[in-house]
Amino acid sequence: MQTTKYIFVTGGVTSSLGKGIVSASLGKLLKARGYRVTIQKLDPYINIDPGTMNPYEHGECYVTDDGAETDLDLGHYERFLSVNTSQANNITTGRIYQTVIEKERRGDYLGKTVQVIPHITDEIQHRIQALGETGAYDMVITEIGGTVGDIESLPYIEAVRQLRYNLGFGNSMVIHLTLIPYLKAAGELKTKPTQNSVKTLLEHGVQPDVVVGRTEHPLSDDIRKKIALFCNVPKEAVIQSIDAESIYDVPLLMQEEGLDAVVLNRLGLPNNLPPDLSSWKSFLTRLKTAQKIVHIALVGKYVELKDAYKSIHEALIHAGAACDFKVHVHWLHSEMLDTLSADDFHAQFEGIQGILVAPGFGDRGIEGKIRTIQYARERQIPFFGICLGMQCAVIEFARNVCGFDDAHSSEFSTTTTHPVIHYLHGQSADVRKGGTMRLGSYPCMLSPNSSAANAYNTLQIHERHRHRLEFNDAFLNVLEENGMKATGRHPELGLVEIVEVQNHPWFVGTQFHPEYKSRVEEPHPLFVAFLKHAETYNKK
Ligand code: GLN
């Protein structure tokens, strides 16, 4: 018997309407009613995954426990739902074609011409159902990337049409998210683009069950009636998605609009118990009423594009709300910091109470990061270095405290006599790039009484990784003698996962990415500890 329900979310008119947030919000509401929910994203590009893409192209690459390099929307899913996703939750056209072509080479289709329909669409359907078939979910929400009408989205829409046909009316539904533009000169909201995009969906044989209209102004009753009439949906299935102050308001806004109730009714599921959103609401209250402001500098080389550091930014927000702090993030460009005079450099950090140096790849902006770390260390400013940020902290310490003037990472120098950061076993500058880093969740043992152990309040943790280089153990003794301690190590491999500088209020560098595991309702302990120390900076 078919038990899992499938909810498809498509997008119309333009991209960037917040499909990921609407999907995550719906998932949150359904989960808060006790359903077991997961969310999947289908991306219609040819890359196997976004791991090889520049953040300018695609924003942050989000990493799951099982080491999948995925779309940043998976971060929203995990943060909203407090669930872990996996490789199965993000599928790209590249991966679909790779599988089909491998099958063809193996001889699975012997005698047949391999075509988009049925072979590619069958593979898409298989990937959508794979999550439901685990038996772990009552509902699978599948967000189709791109905009309806795009050439590359066509096989996905066709797969959805076939799946709905095969699953039956009561077991699947389609939510179409579109833009309702406001024409200032006419003083009106316009529904025509929505009508046209629903028509495009209909041309492909898909009738949406719900239309979510993204809008800057409230949808009047007349507008709702018009959309209902021309898009063939009941009026209560026209849902307004109005610009919100915070993405974390969206689940509550969707609940007010009755999105979860419409979905449950449409799927024939009981709608009697209201969702339990008490801890979400208390997070929102703290987020909005916090009075104390904590000023954090976030130093990276992609700061123009905030999406490049999405998870870090959200982790700061979650931790801030947990401490009743408003976090003011000052985005500082590492390349710019390198070129400034001492006075101008100092001016950039006026009023800053904590410094976070971001992850990254390549040598652009490295010296600016190292200079910033020296400043944080010498001035006792709480410091948090993540991945490349931790590696730069090791380089800075080796150069400026241990006196190894040419200390560097093998990623940036092949001639240094002090490669304090070097390639992990089996890694080099020449390895094939896609999916070959040290990826996903690994255990780590913490040293008792370290800043990390005090933050986590436990000695064994699991965190997610994404890197090729590591701390070079050959230099551990000398660094430790000088006051930089390895306070977190892989229990079997011995890899250094955390470094801390002694005689400093809070100086922590992590080889892993704690930001991936911060959730709205479970803020990350390291971010909480960092902000608490930042808040007291200069106040003693
Ligand atoms: N480039 C560094 C490495 O590969 C750091 C990676 C990162 O910051 N994610 O080890």
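We count ligands from 1, going down the list as the structure has it; atoms in each ligand are counted the same way.
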Atom 2 (C) of ligand 1 - nearest protein heavy atom and its distance: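 The closest heavy atom on the protein side is Glu411 OE1, 3.3 Å.
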Protein contact of atom 4 (O) of ligand 1 - nearest heavy atom, named by residue and atom, plus distance: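 It is Arg468 N, 2.9 Å.
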Could you say whether the N/O atoms of [X] and ligand 1 ever approach to under 3.5 Å?
X	value
Cys387	no
His467	no
Leu469	yes

Ring centers of Phe80, Tyr248 separated by less than 6.0 Å: yes
Ring center gap for His330 and His295 short of 6.0 angstrom: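 Judged by ring-centre distance (under 6.0 Å), His330 and His295 do meet the cut-off.
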Contact with ligand 1 for His513, non-hydrogen, under 4.0 angstrom: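 Per 4.0 Å heavy-atom rule, His513 contacts ligand 1.
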Per atom 6 (C) of ligand 1, closest listed option by heavy atom (Pro359, Gly360, Gly300):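 Minimum heavy-atom distance to atom 6 (C) of ligand 1 goes to Gly360.
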Thr85 and Tyr62 side chains, donor-acceptor separation under 3.5 Å: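 Their side chains do not contain a donor-acceptor pair, so the 3.5 Å distance test is not met.
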Donor + acceptor pair across side chains of Arg468, Ser428 (<3.5 Å): no
Ligand-residue contact atoms, ligand 1 with Arg466, heavy atoms, under 4.0 Å: 6 (C), 7 (C), 9 (N)
Close side-chain approach of Leu284 to Lys288, heavy-atom, < 4.5 Å: yes
Ile395 and Ile421, any side-chain heavy atoms less than 4.5 Å apart: yes
